[in-house]
Amino acid sequence: MTSSEVINPATEEVLRTVDLLDVGGVDDAVARAKSAQRTWARLAPAERAAALRSFAAVVDAHIDELAALEVANSGHPIGSAEWEAGHVRDVLQFYSASPERLSGKQIPVAGGLDVTFNEPLGVVGVITPWNFPMTIAAWGFAPALAAGNAVVLKPAEWTPLTSIRLGELAVEAGLPADLFQVLPGRGSVVGERFVTHPDVRKIVFTGSTEVGTRVMAGAAAQVKRVTLELGGKSANIVFDDCDLEKAAATAPYGVFDNAGQDCCARSRILVQRNVYDRFMELLEPAVKGVKVGDPAARDTEMGPLVSKKHWQSVASYVSDDAPVAFRGTAPEGRGYWFAPTVLTPQRTDRTVTEEIFGPVVTVLPFDDEADAVALANDTPYGLSGSIWTENLSRAVRVSRALESGNLSVNSHSSVRYNTPFGGFKQSGLGRELGPDAPLSFTETKNVFFAVQEAP
Ligand code: NAD
């Protein structure tokens, strides 16, 4: 077994050393999960519901601890980290209603009775990225457990701490041993073993499009089910008839939340040409007003980037001759700090076409509605986006024309546990959250019972 150091990105101090599993460790865990799943699926639905409610209650009792861990491990501002821990509780609470509601169908047929059952898949492998470690984990494990499956969860190498703690809290809450196991390790070892292991029946992968493509190709060998939540390069479209002050004041928070390390970041601001100059005048103070600093401080709005390696990747997009319109501020000294940065490049520049995943936004002018839609859709991604307009017909037309899974009009909201979330095109496959998520962790079984005619 190898180990790796977990670093606090705001101080560069080593927080902890975490043991990493090897392939043999994964195989042992999957064997135990397989056995735990059989028992779990046989429990009465109300008992499974009660166990998940108990898990939610234990998470609720540990919100402060989980939030503090995320502040230290990921550099998330304390207010955001508290919201994330509360969101895990809410997701568990929401799906705790599912075991008693996965009711199947009774279908009218000739000669008998026909019913469908929503059978659990078995063991589900959840692979998560480092940007929102505990929330994204919960989107996979909560509906999967609710549908009667066992879950093995591989957190990202840089940010495993809250996931490891959630695994412990599940046991404390009384979930059966081995039903939900958190397995820290390398993507190339633990993640790949999830893909090749015949008893892992589905992979829920959230991460880069590059690795997601590999996961999907590997899963094909066993016709393994996959849900993929991948990258994004979302547009924030600002029309000339909108509340321009509000659009400018909120635009930084639509992209710089979590230091831009957000798959839904509106990292391309598209502004109608006749209001472009005014918008930029309004955007500048809004960007300079973003409070970047100690993530443990209550008034901090943006923390550091997650790691030195990621800092170098983000910095590579802002060379000395980059078309910087203006920048906000960030602390100096230790920590992976990066000031919010606004660029005004050409449409073909790589800052416009590639996912930067940091606090760097590009602003581009457009001519009319058709140009805005074409520009917004000119990307292999299709995850999120915002539309700013006071014209209802335009809002409807543009939201139907955009190739994107999650849009908001006159706001930047993306994620609610009770509405579906996922991407078009290379942003992903399948949907998480919302009322139907547990169904994607089941197989539909159809059974016909022949009924004899009355004598
Ligand atoms: P990544 O693809 O590098 O890693 C994601 C996870 O996959 C990690 O746990 C990693 O260890 C694992 N992994 C790596 N190689 C693997 C392999 N060969 N087989 C199986 N697993 C492997 O992504 P990241 O850098 O951690 O996260 C950032 C990316 O995630 C961004 O592109 C972002 O847009 C995306 N993301 C998408 C969503 C969404 O819901 N669509 C949400 C958050 C992040």
Side-chain angles (χ1 to χ4, degrees), residues 4 6 18 20-21 23 26 73-74 76 84 87 125-140 152-160 162-164 182-197 200 203-219 221 224 226-234 255 257-267 305-307 309-314 354-358 379-385 404-406 414-415 417 420-434 437:
S4 84
V6 177
V18 171
L20 305 179
L21 263 81
V23 168
V26 177
N73 190 171
S74 302
H76 292 191
E84 289 160 32
H87 182 75
V126 177
I127 302 173
T128 56
W130 47 259
N131 62 329
F132 287 108
M134 60 180 151
T135 54
I136 291 174
W139 301 355
V152 285
L153 164 66
K154 193 206 90 63
E157 289 89 324
W158 290 336
T159 57
T162 46
S163 296
I164 292 172
V182 179
L183 310 179
R186 304 217 181 280
S188 55
V189 179
V190 177
E192 285 205 10
R193 187 59 186 143
F194 284 8
V195 175
T196 58
H197 199 304
V200 177
I203 303 285
V204 180
F205 174 85
T206 306
S208 60
T209 297
E210 186 190 350
V211 178
T213 310
R214 281 187 63 172
V215 167
M216 189 172 176
K224 189 171 292 199
V226 287
T227 296
L228 303 174
E229 296 287 1
L230 310 175
K233 189 74 185 176
S234 298
V255 57
D257 184 50
N258 200 22
Q261 303 166 123
D262 183 340
C263 51
C264 292
R266 276 68 165 173
S267 52
L305 292 172
V306 70
S307 71
K309 189 166 173 228
H310 188 56
W311 186 96
Q312 287 162 341
S313 162
V314 173
E354 295 177 15
E355 183 184 43
I356 301 174
F357 223 55
T379 166
Y381 298 116
L383 189 55
S384 188
S404 175
N406 301 83
S414 292
V415 171
Y417 58 79
F421 176 80
F424 276 38
K425 301 193 286 189
Q426 291 182 34
S427 281
L429 188 69
R431 292 293 178 271
E432 297 190 287
L433 299 175

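This is a predicted model, so every value here is computed, not measured. For ligands, and for the atoms within them, numbers begin at 1 and follow the listed sequence.
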Review point. Which one holds for F132 and ligand 1: side chain close, backbone close, both close, or neither close, with close meaning a heavy atom under 4.0 Å?
Key: neither

Exercise for review: Check whether any protein heavy atom sits under 4.0 Å from atom 1 (P) of ligand 1.
Suggested key: yes

Check your understanding: Do F194 and V215 have side chains that get closer than 4.5 Å, going by heavy atoms?
Key -> no

Review point. Looking only at distance, does E355 have an N or O less than 3.5 Å from an N or O of ligand 1?
Key: yes

Check your understanding: Any chance CZ of R431 has more than 12 other-residue heavy atoms, nucleotides or ligands included, within less than 6.0 Å?
Key -> yes

Exercise for review: Answer yes or no: does an N/O atom from N131 fall short of 3.5 Å to an N/O atom of ligand 1?
Suggested key: no

Point to revise | Sub-3.5 Å N/O-N/O distance, S188 and ligand 1 | key: no

Revision key, fill the gap. Ranked by distance from atom 35 (C) of ligand 1, the top protein heavy atom is G207 O, 3.1 Å

Review point. Got an N/O contact under 3.5 Å between W139 and ligand 1?
Key: no

Study note, to complete from the structure: Note: F194, heavy atoms under 4.0 Å from ligand 1, region reported as neither

**Study point:** Nitrogen or oxygen of E157 less than 3.5 angstrom from that of ligand 1
**Key:** yes

Check your understanding: So which of V211, T128, I136 gets nearest to atom 9 (O) of ligand 1, if we judge by its closest heavy atom?
Key -> T128

Check your understanding: More than 12 foreign heavy atoms under 6.0 Å from CD of E355: is that the case here?
Key -> yes

Exercise for review: Tell me which protein heavy atom sits closest to atom 38 (C) of ligand 1, plus the residue, atom name and distance to 0.1 Å.
Suggested key: C263 SG, 3.0 Å

Point to revise | Shortest reach to atom 33 (C) of ligand 1 by a heavy atom, considering only Y381, F357, F421 | key: F357

Check your understanding: So do the side chains of N73 and T162 get within less than 4.5 Å of each other, counting heavy atoms only?
Key -> no

Exercise for review: Report the nearest protein non-hydrogen atom to atom 18 (N) of ligand 1: residue, atom name, distance rounded to 0.1 Å.
Suggested key: E192 OE2, 3.0 Å

Point to revise | Polar proximity ligand 1 side, K154 side, N/O cut 3.5 Å exclusive | key: yes

**Study point:** Where ligand 1 meets W130 - atom numbers and elements under 4.0 angstrom, heavy-atom basis
**Key:** 24 (P), 25 (O), 26 (O), 27 (O)

Review point. Side chain or backbone of E432 under 4.0 Å from ligand 1, or both, or neither, by non-hydrogen atoms?
Key: neither

Review point. Would you say L230 and ligand 1 have an N/O pair spaced under 3.5 Å apart?
Key: yes

Study note, to complete from the structure: For L383, the atoms of ligand 1 under 4.0 Å from one of its heavy atoms are 41 (N)

Per-pair distances, 0.1 Å, donor-acceptor, side chain in residues 126-138, under 3.5 Å, sequence neighbours excluded:
{"residue": "T128", "atom": "OG1", "partner": "K154", "partner atom": "O", "Å": "3.4"}
{"residue": "N131", "atom": "ND2", "partner": "Q261", "partner atom": "O", "Å": "3.2"}
{"residue": "T135", "atom": "OG1", "partner": "F132", "partner atom": "O", "Å": "3.4"}

Point to revise | ligand 1 to T209 polar contact by distance, N or O atoms, under 3.5 Å | key: no

**Study point:** F205 touching ligand 1 at heavy-atom level, < 4.0 angstrom
**Key:** yes

